[in-house]
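Chain naming here is simple, since letters A, B, ... match the order of the sequence lines and numbering starts at 1 in each. Since this is a predicted model, take the numbers as computed values, not measurements.
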There are 2 protein chains.
Amino acid sequence: MSRHRSRNRERIAATAMELIGEHGLAHVTMSSLAERAGVSRATLYHYFPDLDHVLLAWVELQVDRFVSRVAQLAGEEPDPRARLALIIAQLTDYFASRDHRLGLEQLGTLAVAPVTARAVAERMSPLMELVSDCLRTGQRMGQFRAELDPEVHASLILGLLGAMRPHLVSGRYAPGAAARAVSSLVLDGVTRR
Amino acid sequence: MSRHRSRNRERIAATAMELIGEHGLAHVTMSSLAERAGVSRATLYHYFPDLDHVLLAWVELQVDRFVSRVAQLAGEEPDPRARLALIIAQLTDYFASRDHRLGLEQLGTLAVAPVTARAVAERMSPLMELVSDCLRTGQRMGQFRAELDPEVHASLILGLLGAMRPHLVSGRYAPGAAARAVSSLVLDGVTRR
DNA sequence: ATGCACTATAGACACTCTGTATACTTTATG
DNA sequence: CATAAAGTATACAGAGTGTCTATAGTGCAT
C-alpha cells in the first residue's frame, strides 16, 4: 500500500471521528464523511467499502499504536512482577488520557459494530500475550501460583482493567490510584503463598 | 401501559432477535421486522420509534429478569462472604446458559448502540448495589479490608466476571470452575489480613 | 344496539443513503 | 512526455426511513 494512500486513509478515518464527536454515530454517513473530508463520494468508496471499515481502520490504528508502545516498554523490564505492574499502569494511564476519552470512548464500549469489536479483540491479543507471558515466567520462577491458567488469568486481569475504565474516564479515580488498586488485587491473587 | 401493549412489545422484540440470529444485525430493518412479526410497518412505528429501541426493550427485559432473580436469591443469604460467592456463581451460570448465548451474546458486547449500552449499564446497577452492599456489610463486620472503596471494587468484581464471559460462552471453561476462580481471587483480595 | 374511543392497517409521500457504473480530468513517475 | 494510476462529477436504481391520511376492526359503557 502506497504511503499516500495510507496517509489518506488515516485522514479520512480521523475526519469520521470528528463527525461522530459532533453529531453522533447515527448521523455519520458515507455521504457526509466524503463531503467533510473534501473528497468525492466515489473516491471515498475507493478507500473503504463502508462506514464500518472506516471506523475499523481508526480503531486499529489507535490500538496498534498503544499496544506496540506498551510492548516496547515491557520488553525492557525483566522481572515479571514489575512487568505486570508496568502494563497495568500503562493501561490505567491510557484510559485516563485525553486521547482515549476523545477516541475509543466515543465509540460506545469499543463495540460499534460486531466487526469492529472482533477486530479490536484481535489487535489487543498481543497485550494478552504480554500479560500471560508475565504469568508464565512468574510461575516458572516460582513467584506465582502454579495452578493458575495463564490464558484465563490474563483475560481476567485485562477485564479488571476494563472495569476500571469508566472510573478513569470520568475522572473520579486517578490513574495512579487505579493502578495501585488493580496491581495489589492482581499481585495478591497470583502470588504464591 | 396496557397488558396487551406490553405483550406485543415483547413479541416484537423477540422476533427482532430471531431475525438478527438469522441474518445478522445489519440486515434487520424496521420493514423486515414488521413483515416477520406479522404487523404493518405503521403499527410497528406505533410501538417503537426505531430499531435501537426494539433491541433496547429486549435487552432491558432480559437484564431485569436476571437481576431480579439474583436479588431475590441474594436476599436470603445473610453472610456477606457467602452472598458474594452466590452472586458470582449466578453470573457465571448465566453466562454459560443457553439463554445468554442466544441472546445478549448475539448483540456483540451488549453494546449495539450507545443507547443500549447505557441502558444496560443502568439496569445492571441494582446488581452493582448488591455487590457493594456485600462489601460494605463485610467491612462493617470486620471481615473485609476497611480501605477498599466498595463502589469501585464492586465494578471491579463485575468487570472480572465480564472478562470471564467469553470463556464461559465458548464453553472452554465450566461455570463452576469459573465461579471458584473468580470467588477465590475476589475473596482473597477483599479479606482482611 | 348504538356510539365512542382506541388500535391497527394499507398505501402513499418525500426524503436520504447506498452501492455501482461510466466517462472525464488530474497527477505522478518511469 | 506518455501512460498508468488516482481522483472526480454525475447519474442511476434500489432500499429504507419516518410521517401522514383515510379506512377498518374491536371492545366497552351507556
Asker: Would you list the pairs meeting side-chain hydrogen bond (donor to acceptor under 3.5 Å, both in side chains) in which at least one residue belongs to residues 83-93 of chain B, sequence neighbours left out?
Answerer: none
Asker: Rounded to whole angstrom units, what separation is found between the CZ atom of B:Arg36 and the C1' atom of D:dG16?
Answerer: 19 Å
Asker: Expressed in angstrom and rounded to an integer, what is the separation of B:Phe48 atom CZ from C:dA8 atom C1'?
Answerer: 16 Å
Asker: Just the rounded figure in Å: distance from P of D:dT17 to CG of B:Leu33.
Answerer: 10 Å
Asker: B:Ser68: what forms a side-chain contact (heavy atoms from CB on, under 4.5 Å) with it, not counting sequence neighbours?
Answerer: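 B:Ser68 satisfies side-chain contact (heavy atoms from CB on, under 4.5 Å) with no other residue.
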Asker: C:dT20 P sits how many Å from A:His46 NE2, rounded?
Answerer: 12 Å
Asker: Within this structure, what is the CZ-to-C1' distance between A:Arg11 and D:dA6, rounded to whole angstrom?
Answerer: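 Rounded to the whole Å, the gap is 14 Å.
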Asker: Taking atom C1' of D:dA6 as reference, at what distance in whole Å does atom CZ of A:Arg9 sit?
Answerer: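 Rounding to the nearest Å, CZ of A:Arg9 and C1' of D:dA6 are 15 Å apart.
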Asker: Name all residues meeting the ring pair (Phe, Tyr, Trp, His ring centres under 6.0 Å) criterion together with A:Phe48; count only those two or more places apart in sequence or in a different chain, and write none if there are none.
Answerer: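 Expected list: none.
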Asker: Sequence neighbours left out, what passes side-chain hydrogen bond (donor to acceptor under 3.5 Å, both in side chains) with A:Glu76? Give chain and number order.
Answerer: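 A:Glu76 satisfies side-chain hydrogen bond (donor to acceptor under 3.5 Å, both in side chains) with no other residue.
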Asker: Can you sort out the partners of B:Arg11 under side-chain contact (heavy atoms from CB on, under 4.5 Å), two or more places apart, ordered by chain and number?
Answerer: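 side-chain contact (heavy atoms from CB on, under 4.5 Å) check on B:Arg11 returns B:Asn8, B:Ala37.
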Asker: Need one value for B:Tyr47: base, sugar-phosphate or nothing, where a base atom within 4.0 Å counts as base even if backbone is also close, heavy atoms only.
Answerer: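 Touches sugar-phosphate only.
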Asker: Is a salt bridge present between A:Glu151 and A:Arg136, judged by a nitrogen-to-oxygen distance below 4.0 Å?
Answerer: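 Yes, A:Glu151 and A:Arg136 are salt-bridged.
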Asker: Within the 4.0 Å limit for protein heavy atoms, which parts of nucleotides 10-18 of chain C are touched? Write it as a string from 5' to 3', B for base, S for sugar-phosphate only, - for none.
Answerer: B-B----SB
Asker: Looking only at side-chain N and O atoms, does A:Asn8 come under 4.0 Å of OP1 or OP2 in D:dG7?
Answerer: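 Affirmative; the distance criterion is met.
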Asker: Would you mind reading off the distance between A:Leu44 atom CG and D:dT8 atom P, rounded to a whole angstrom?
Answerer: 10 Å
Asker: In whole Å, I'd like the distance from the CG atom of B:Asp50 to the C1' atom of D:dT19.
Answerer: 14 Å
